[in-house]
Amino acid sequence: MFTGIIEATGKIVAITPTQGDVRLKVQSDYLDFADVKLGDSIASNGICLTVVEQGKDWYAVDVSRETLNKTAMQQWQVGDVLNLEKAMLPTTRFGGHIVTGHVDTTGTVKLIKNDSRSIYIEIEIPSEFTKYVATKGSVTIDGISLTSNLVEGNVISLNIIPHTAHVTNIARHWKVATKVNIEVDVVARYLEKLLVSTPDTMSNSNHEGITLNFLQQNGFSK
């Protein structure tokens with residue numbers, strides 16, 4: 001489990017094909033490796049990956065074909081900068097939102113421009129995923145917990161404050177046509193599951209479950 005608050009950035013130093021999938025090596029001068037051990041999870045551009053090798057300032061992970069196919073990783077190159085976050089602890093301050101590190105889809109940066117001191121960005125995502133992203137709601141993009149300004153069609157608009165741009169790879173890596181990893185809010189996923197549930201699918205239940213009408217009546221939906 002993660003929060004989407006980036007701890008450090010790291011650089012890809014090796015991408016090694018291994019029997020059909022890939023081993024990835026990431027080096028970072030900024031991530032605290034003191035408590036990192038084999039088997040730990042590190043979100044790398046939003047992808048939850050398991051440490052299988054490590055050194056004082058680097059870690060290596062094995063990446064399955066499924067992950068390669070579902071994420072923007074297939075376009076990564078040696079030298080690319082990644083956003084890094086270690087798995088949260090029970091005592092961690094919850095500064096972002098609930099992030100699982102399981103990427104739902106990829107998006108494409110369509111527009112980047114300065115907006116006063118912030119950076120205005122528009123990202124296009126597949127239309128079937130827009131229902132999970134709400135205006136002023138949370139969305140994880142390349143591992144960063146962000147708030148959407150607006151969702152119009154299948155385009156999410158964002159404003160990135162200077163601090164976020166500085167401590168992530170946004171200012172250095174994102175440009176028009178860049179592919180980014182998208183994880184929608186897990187709460188939206190579970191809400192959809194509840195909405196589509198029927199008495200037949202809810203074992204030993206005699207009620208209708210949560211409906212859209214129920215949510216509207218109780219102020220959760222308009």
Side-chain angles (χ1 to χ4, degrees), residues 1-107 109 119 139-146 160-175 178-183 186:
M1 189 70 70
F2 306 91
T3 69
I5 302 301
I6 302 304
E7 295 180 62
T9 56
K11 183 179 293 186
I12 298 173
V13 294
I15 301 175
T16 308
T18 306
Q19 299 180 357
D21 50 37
V22 165
R23 176 161 292 192
L24 188 76
K25 183 176 179 181
V26 179
Q27 186 274 332
S28 176
D29 293 326
Y30 311 105
L31 189 69
D32 181 5
F33 285 90
D35 61 349
V36 175
K37 60 184 183 299
L38 296 182
D40 281 356
S41 297
I42 297 179
S44 309
N45 264 21
I47 309 169
C48 179
L49 296 171
T50 301
V51 176
V52 297
E53 283 188 84
Q54 67 179 118
K56 65 177 183 179
D57 64 351
W58 63 271
Y59 66 95
V61 295
D62 286 329
V63 183
S64 70
R65 177 57 53 184
E66 169 73 6
T67 300
L68 289 171
N69 291 338
K70 288 290 183 68
T71 69
M73 186 182 292
Q74 55 191 295
Q75 297 187 349
W76 292 358
Q77 299 178 358
V78 171
D80 282 353
V81 175
L82 306 181
N83 299 315
L84 308 180
E85 181 190 355
K86 294 181 291 186
M88 66 181 295
L89 300 171
T91 54
T92 301
R93 180 172 297 187
F94 211 135
H97 71 283
I98 299 172
V99 178
T100 66
H102 301 154
V103 172
D104 291 295
T105 187
T106 59
V109 178
I119 304 172
V139 61
T140 307
I141 304 180
D142 270 0
I144 311 165
S145 175
L146 296 170
I160 309 299
I161 63 173
H163 174 76
T164 302
H166 176 70
V167 300
T168 69
N169 67 356
I170 291 176
R172 289 169 285 177
H173 181 66
W174 289 16
K175 55 184 181 295
T178 295
K179 292 287 186 181
V180 292
N181 294 317
I182 306 290
E183 181 187 331
V186 68

Q: Roughly how far apart are H97 NE2 and I5 CD1, rounded to 0.5 Å?
A: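 Spacing of NE2 (H97) from CD1 (I5) equals 9.5 Å.
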Q: Using a 3.5 Å distance criterion without hydrogens, assess whether the side chain of R23 forms a donor-acceptor pair with backbone atoms of A60.
A: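 Pair absent, no side-chain N/O of R23 close to backbone of A60.
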Q: Determine, step by step, whether D142 and V180 satisfy the side-chain contact (heavy atoms from CB on, under 4.5 Å) criterion, reporting the C-alpha distance in whole Å, the side-chain angles of both residues, the deciding distance to 0.1 Å, and the verdict.
A: CA-CA 6 Å; D142 270 0; V180 292; 3.6 Å; yes
Q: Are more than 12 heavy atoms from other residues, nucleotides or ligands located less than 6.0 Å from atom CD1 of I98?
A: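 Open: at most 12 neighbouring heavy atoms sit under 6.0 Å from CD1 of I98.
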Q: Grab the two heavy atoms, one from L68 and one from Q74, that are nearest each other, plus how far apart they are.
A: O-NE2, 3.1 Å
Q: Between E85 and T3, what is the shortest heavy-atom contact and its length?
A: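 Of all heavy-atom pairs spanning E85 and T3, the closest is OE2-N, 2.8 Å.
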Q: Starting at CG of D21, measure out to CD of Q19 and round the result to the nearest 0.5 Å.
A: 7.5 Å
Q: Rounded to the nearest 0.5 Å, what's the gap from CG on D80 to NZ on K11? Could you check?
A: 10.0 Å
Q: Show the nearest heavy-atom pair for residues D32 and K86, with the distance to one decimal.
A: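 Heavy atoms of D32 and K86 come nearest at O-NZ, 2.8 Å.
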Q: Are the side chain of Q54 and the backbone N or O of V36 linked by a donor-acceptor pair below 3.5 Å?
A: yes
Q: H166 and R172: which non-hydrogen atoms are nearest, and at how many Å?
A: O-NH2, 4.2 Å
Q: Between H173 and T168, do the side chains contain an N or O donor and an N or O acceptor separated by less than 3.5 Å?
A: no
Q: Is the closest side-chain heavy-atom distance between D57 and S28 below 4.5 Å?
A: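 Sidechains of S28 and D57: no contact.
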Q: Are T140 and L146 side-chain neighbours, meaning at least one heavy-atom pair lies under 4.5 Å?
A: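 Not in contact.
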Q: Between L82, I170, I144, which is the residue that forms a side chain to side chain contact (heavy atoms under 4.5 Å, CB included) with I6?
A: I144
Q: Is the backbone N or O of V81 less than 3.5 Å from a side-chain atom of N169, with the two atoms forming a donor-acceptor pair by type?
A: yes
Q: Quick check for you: to the nearest 0.5 Å, what is the distance between N83 atom CG and E7 atom CD?
A: 11.5 Å
Q: Minimum heavy-atom separation for L84 to Y59, with atom names?
A: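 Heavy-atom minimum between the residues: CD2-OH, 3.2 Å.
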Q: Among V78, V61, T16, V13, find the residue that satisfies the side chain to side chain contact (heavy atoms under 4.5 Å, CB included) test when tested with K25.
A: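 Considering V78, V61, T16, V13, a side chain to side chain contact (heavy atoms under 4.5 Å, CB included) with K25 is found only for V13.
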Q: Measure across A8 and L31 and return the closest heavy-atom pair with its distance rounded to 0.1 Å.
A: CB-N, 3.6 Å
Q: So, does D40 use its side chain to make a donor-acceptor pair with the main chain of V51 at under 3.5 Å?
A: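 Checked: no pair found.
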Q: Ignoring hydrogens and angles, tell me if any N or O in the side chain of N181 forms a donor-acceptor pair with the backbone of T71 under 3.5 Å.
A: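 No, N181 side chain to T71 backbone: no donor-acceptor pair under 3.5 Å.
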Q: What distance separates M88 CE from R93 CZ, expressed to the nearest 0.5 Å?
A: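 So the gap between those two atoms works out to 12.0 Å.
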Q: Tell me if a side-chain donor or acceptor on N69 pairs with a main-chain N or O of E66 at a distance below 3.5 Å.
A: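 Answer holds: no.
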Q: Just so I know, are the side chains of W76 and N45 near enough to count as touching, which here means a heavy-atom distance under 4.5 Å?
A: yes
Q: Would you check if L49 and M73 make a side-chain contact, meaning some heavy-atom pair closer than 4.5 Å?
A: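 A side-chain contact exists here, since the closest heavy-atom pair is under 4.5 Å.
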Q: Please round to the nearest 0.5 Å and tell me the distance separating atom CD of E53 and atom CG of D62.
A: 8.5 Å
